[in-house]
Amino acid sequence: MQPDRVALVRAIPRPRREPAGPGPELAVGLGQSGCTISLVRLPDGTPVVRKQAGDQRSWERLQRQAAKQRAFHADHPDALITAPEVLAVDPPAIVMDFVRGTSLGEFLQQASVRQSSAVCTDLSAFLSGQLQCCPSGPAVEALVGKLDSLDLDHPRIRGVPGVGALAEAIRRAFRAQPRLPVGSGHGDFSFDNILVEQHTGRIYLIDFLDMPLESPVLDVARLYLDAAYPWWGSYGRTRHRLLGASRDLAHGLRTVLAAGGVTERTFRAVLALTILRILPYTGSPIRRGVLCSALHDITAELSTSETSCPAP
Amino acid sequence: MSRTLIVPAAGRSTRYGLSRPKFLLQHPTGVTMLSAGLAGLDGTGITRLVVVSLAEYFDGPRGVTAKHLTAEVERVTGVPTTVHLLDEPTTDPVETVIHGIGELAEDGPIVLKDTDNLVGLPDGWEQTTPGNFVTFADLAKFPEVTAANKSFLRVGMLGTVADIAEKQVISAHFNVGLVGFEAASLVVLARERLQGGREAYVSDVVGELIRLGYEFRGVEAGAYADWGTLADWRAYCATYATVLCDLDGVLCRNEHPLSETGWTRFDPITENIQALLERHQPSRTRFVFVTSRTEDYRPYVHDALVAAGFEQFDLVMSLPHARRILVNDFAGSAPYPTAVAINLPRNAPSLREYL
C-alpha cells in the first residue's frame, strides 16, 4: 500500500457504530436476499461476521457468493483491494473476517478531497487492471438474455416513459459490439459493497453476486452508476460534497472503459441494463428518482449515439 | 388513492419581516397558520402528513415546540403527522420537499402544499383527480392576489397543463400551491435534472416533468385565501372579529326598567342590526352582547336577538349602567389598533356610518 494513502486514511474520524459490549453477538442486521448478518466474537475475542441464509434458495446463493469471495481473496490476499477472508462455511451460514470500515458512500462524504481522490484513483487503477487481464469474449447473448428475462411490466419499472423503446435501443447497442472483455467480476460493485478500512485504508469488497456475464465491464458500470448519480446520505449539502468527490471517480471510470476498448454506446447500454435490474428492488423514492433521472440521460445518449454511429 | 401530504415550512418568511416564521403565526381561530391552511383538505385521501421545517424555529424560550405543533396538526386534520426538522436551511423549496420525501420508505403518490394559503377543493375531487395535478385559480376571481409572487399555468382544452412558469404571467390561471405527483420519485427525478445553481420551485419541477412527457391535470380550486404577504395575512385576519355591542340605545330602543313594559320590551333598531350582520360574516365573528338589563330578563332578550337574525352569540347581563372600556394588546402580527370603540348617539339608526 502507498504509505501516504495510509496516513491520509488514518486521519478519518472513527465510525459512529463501534462494536462494543460483552457477549457473543454484538450487532445484527439484515443483508441481501433475506440473510441475517451478525457481528459475533470468537472465543479469543476476535470479532467476526456471521452471515446466515433465510431459506434454501438464499443458502445456495450465499454458497456461490462465498466461493467467489474466497477466490478473490486467494487472488488478492495482500493487495490494496481485497475481500474479507471466509473463515468457515457453517450451513446455512458463512463466517468471515470483520472489517472495521465505512462504505465508500459514507467515506466520500466524510473524507477530505485528498483522501477521496486517493481512494478513487486506487479503484480506477484496480478496475483498469481487471479489464486489461480479461480476454475478449462473446457477450451479446448473455446480456440480451438478461434484458429479456427482466419484467418490464413490473410496477416499479412500467411507469418509466419509453421503457420499451429503451430496451430495443439496449439490444441494438449490445449487438453492435458483440464481444467484450470477459473474466471474473464482483457482480454488485456498488458504493455500499466497497468498505474502506478505518485504520489501514485498505479497500474490501463484500457481498459478491452472480452476474449475467462475468465481466469487469459490468462492475465498472455499476460503480459508475453510484459515482455519477449518487443518491444516499442527506439530499442537501453533504450530498453536494459527495457529488464533488464522485465526479472525478466517474470520469476516471469512463477513461478506464475507453482504454479497455468498450464503446460509449455499449457502456450506456450496460448502464441502462444495470438500472433496469436494480429498479424492482428499489423502494426509496429518492433513490428511484435519481435512477430514473439517470435512465432519462442514458436513453437520450443512446439515441444520439445510434444516430451518430449507425450499426454496420 | 392514498396520498402523503408534504408541507415545506423551512423558508425564511422574508416578505413578512417578523421575528418568527409566518407558518407559526396564530390564525384568528387560535391554531397556527400551518394548521389553519390544512383545514380544507378533508376527503382528499391524505393518509400521512410530513411537515419539513428548521430546528431553529422550535423549542426556543417560550417558543412553539415541534411536539405540540404535531399534536395540533393531527387534531385539525385527523391524519398521522411527522414534523421533520432540519439543522440547516435548504437551498430552495424543492430541496426542502425532498427532505420530506426522505421520510418515506416506499415510493407513492404525494401532494405538496404551501403553508401560506387555504385551498378549498371541488366536490368529488378525490375520485376524479389523478396523481399528477396542479390546483389553480382564476386571477379575475381573486384580483387582490399579488401576481408577481405566483406561478402561472396554461391549461389545455382537455384540462391538461400545457405550460407553467414561475413569476411570469402567461395566463389568467395562477398556481395556488397545491400540487400532486403520482410518485414522490418524480420530484427527485425533476430536481436532478434542474441542477444548475439557481433556486428551484415546485413549478419548475412540474415544468420539467411536462417536458419529459408526464401529464398533469389542471384542477380549479373551489375556494382560496392567500396569505403570501403580511398585508395579505392582515387583510384576511381583519375579516375576523369579536364584536362587543351594547343593546339598549344601539340594537334596540333604550328602555327604562320602570316603564310600562320595562325590560321585557325589545324594540329593534333594524338599520343597526342589518349593518352589523352585513359587515361581519357570522362564521368569522363572535358577537358578545352586553347590557345592564338584569339576568331576570335573559329569556326575553335572548329570543329577541334570535328573532333579529343572530344565531350564535354570548349575552353578558347585569353590567353597570356606566362607561365600558375595552383593552387589547397589539403587535407586528396583530397591528395597532386592535381595540376599536364606537360611541353612537342613543337610538340613532346610523351604526353603518361608523363600522
Checking A:R156 against chain B: side chain, backbone, both or neither under 4.5 Å from a heavy atom? side chain

With only heavy atoms counted, which part of B:A184 is less than 4.5 Å from chain A, the side chain, the backbone, both or neither? both

Report which part of B:L104 has an atom under 4.5 Å of a heavy atom belonging to chain A: side chain, backbone, both, or neither.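 Interface part for B:L104: both.
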
Electrostatic pair A:D297:B:R193 at N-O distance under 4.0 angstrom: yes

Would you call the rings of B:F58 and B:F23 parallel, tilted or perpendicular if under 30° counts as parallel and over 60° as perpendicular?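 Because their plane-to-plane angle lies in the 30° to 60° range, the rings of B:F58 and B:F23 count as tilted.
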
Only one of B:F133, B:F216, B:Y214 passes ring-ring contact (aromatic ring centres under 6.0 Å, His included) with B:F181; say which it is.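 Of the listed residues B:F133, B:F216, B:Y214, the ring-ring contact (aromatic ring centres under 6.0 Å, His included) partner of B:F181 is B:F216.
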
Charged tip of B:K167 within 45° of B:Y201 ring normal and under 6.0 Å: yes

